[in-house]
Trainee: 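I am attaching a structure below and will ask some questions about it afterwards.
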Amino acid sequence: MKLVHVENYDEMSMQAARTVFDKITSSERVVLGLATGSTPEKMYDYLVDMLNKNKVDLSHVYTVNLDEYVGLDADHPQSYHQYMNRIFFDRVDIPKNHTFLPNGAAENLEDEVAEYEKLIEELGGVDLQILGIGRNGHIAFNEPGTAFDSETHVVDLTETTVNDNARFFDTIDEVPKQAISMGLSTIMNAKSIVMMASGEEKADAITAMMEGEVDESLPASILQRHHDVTVIADRKALREG
Ligand SMILES: N[C@@H]1[C@@H](O)[C@H](O)[C@@H](COP(=O)(O)O)O[C@@H]1O
């Protein structure tokens with residue numbers, strides 16, 4: 001695991017955006033694994049600026065998102081589909097049929113998770129996976145206790161995660177209690193991984209991920225077994241004062 005120390009959230013975002021930009025502009029074809037949440041927001045802003053300023057042709061770019069809430073239609077303002085449109089897809093020219101998220105409103109969720117896992121394989125796998133990390137060490141929506149060999153699956157969200165995500169919904173009752181998430185083995189299949197972490201609230205998870213036991217109680221700890229993980233973390237997430 002390579003650790004990139006940065007000063008603050010802004011620098012973390014810029015550093016991550018540069019990594020994605022370099023991957024896009026140095027590849028004939030690239031499959032990006034994309035994340036949601038508040039951490040990657042500024043990374044997308046910087047990346048959009050870089051791509052548009054340099055007039056980069058994006059017809060060779062494919063994207064698959066880590067997760068989507070169950071029970072929200074793709075046009076629900078708080079769905080990750082809409083998050084991605086707002087923050088990225090509506091601002092750059094990646095062909096719309098090259099971008100994929102799980103369908104959280106699928107009739108048959110078990111079919112949906114199997115199809116999504118198959119889609120990722122058919123795309124040739126993820127070349128560069130962007131990750132955030134939850135306070136409890138979850139990645140995507142793989143909560144503590146998720147099997148390391150899990151593929152794309154339906155997950156029950158913990159109270160911590162539901163409460164953390166409540167900020168995006170008007171009432172706690174509206175917050176979805178389940179999600180479709182790439183599994184931990186799905187994530188580990190990515191050729192390269194970049195994790196972003198900013199702020200004191202991520203410090204325990206980051207420390208445990210990098211220095212703790214590789215154990216299913218800390219989903220992110222599986223990343224210690226991956227051959228190419230870069231963690232871009234700011235001083236507060238590293239408790240460097
Ligand atoms: N599914 C997302 C994760 O992908 C994200 O990493 C996590 C942390 O979110 P934030 O970056 O807002 O702290 O929240 C959610 O659980």
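Read the numbers this way: they start at 1 and go in the same order the structure lists the ligands and their atoms. Here, residue 1 is the first one in the sequence, and each next residue gets the next number.
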Trainee: Could you check which of L131, I133, T36, I130 puts a non-hydrogen atom nearest to atom 8 (C) of ligand 1?
Mentor: I133

Trainee: Which residue supplies the protein heavy atom nearest to atom 9 (O) of ligand 1, what is that atom called, and how far is it?
Mentor: G37 CA, 4.1 Å

Trainee: Centre-to-centre under 6.0 Å for F89 and Y44, is that the case here?
Mentor: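 For F89 and Y44, the ring centres are not under 6.0 Å apart.
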
Trainee: Between Y116 and F100, is the ring centre distance below 6.0 Å?
Mentor: no

Trainee: Side chains of D57 and S59: is there a donor and an acceptor less than 3.5 Å apart?
Mentor: yes

Trainee: Report the part of A35 in contact with ligand 1, treating N, CA, C, O as backbone and CB onward as side chain, heavy atoms under 4.0 Å; options are side chain, backbone, both, neither.
Mentor: neither

Trainee: Tell me the closest heavy-atom pair linking H226 and M188, and the distance in Å.
Mentor: CD2-O, 3.2 Å

Trainee: Identify the protein heavy atom lying closest to atom 1 (N) of ligand 1, giving its residue, its atom name and the separation to 0.1 Å.
Mentor: D67 OD2, 2.8 Å

Trainee: Could you list the atoms of ligand 1 found under 4.0 angstrom from a heavy atom of F141?
Mentor: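 Contacts of ligand 1 toward F141, numbered from 1: 1 (N), 15 (C), 16 (O).
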
Trainee: Quick one: do the D75 and Q82 side chains pair a donor with an acceptor below 3.5 Å?
Mentor: no

Trainee: Nearest protein heavy atom to atom 11 (O) of ligand 1, by residue and atom, and its distance?
Mentor: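 For this ligand atom, the closest protein heavy atom is T39 OG1, 2.5 Å.
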
Trainee: Suppose we measure from atom 14 (O) of ligand 1 to each protein heavy atom; which comes out shortest, and what is that distance?
Mentor: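 Ranked first by proximity to atom 14 (O) of ligand 1 is H138 NE2, 3.8 Å.
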
Trainee: Please write down residue, atom name and distance for the protein heavy atom closest to atom 2 (C) of ligand 1.
Mentor: Y80 OH, 3.7 Å

Trainee: Give me the residue, atom name and distance of the protein heavy atom closest to atom 3 (C) of ligand 1.
Mentor: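 Sorting protein heavy atoms by distance from atom 3 (C) of ligand 1 puts A140 O, 3.6 Å first.
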
Trainee: Which pair of non-hydrogen atoms, one from I180 and one from N103, has the smallest distance, and what is that distance?
Mentor: CD1-O, 3.5 Å

Trainee: For T186 and E117, which I'm curious about, is there any donor-acceptor pair between the side chains at under 3.5 Å?
Mentor: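 E117 and T186 do have a side-chain donor-acceptor pair below 3.5 Å.
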
Trainee: So, 4.0 Å and heavy atoms of R167: is ligand 1 close enough to count as a contact?
Mentor: yes

Trainee: Would you say K202 contacts ligand 1, with heavy atoms under 4.0 Å as the rule?
Mentor: yes

Trainee: Measure the spacing between CE of M209 and OG of S221 and express it to the nearest 0.5 Å.
Mentor: 9.5 Å

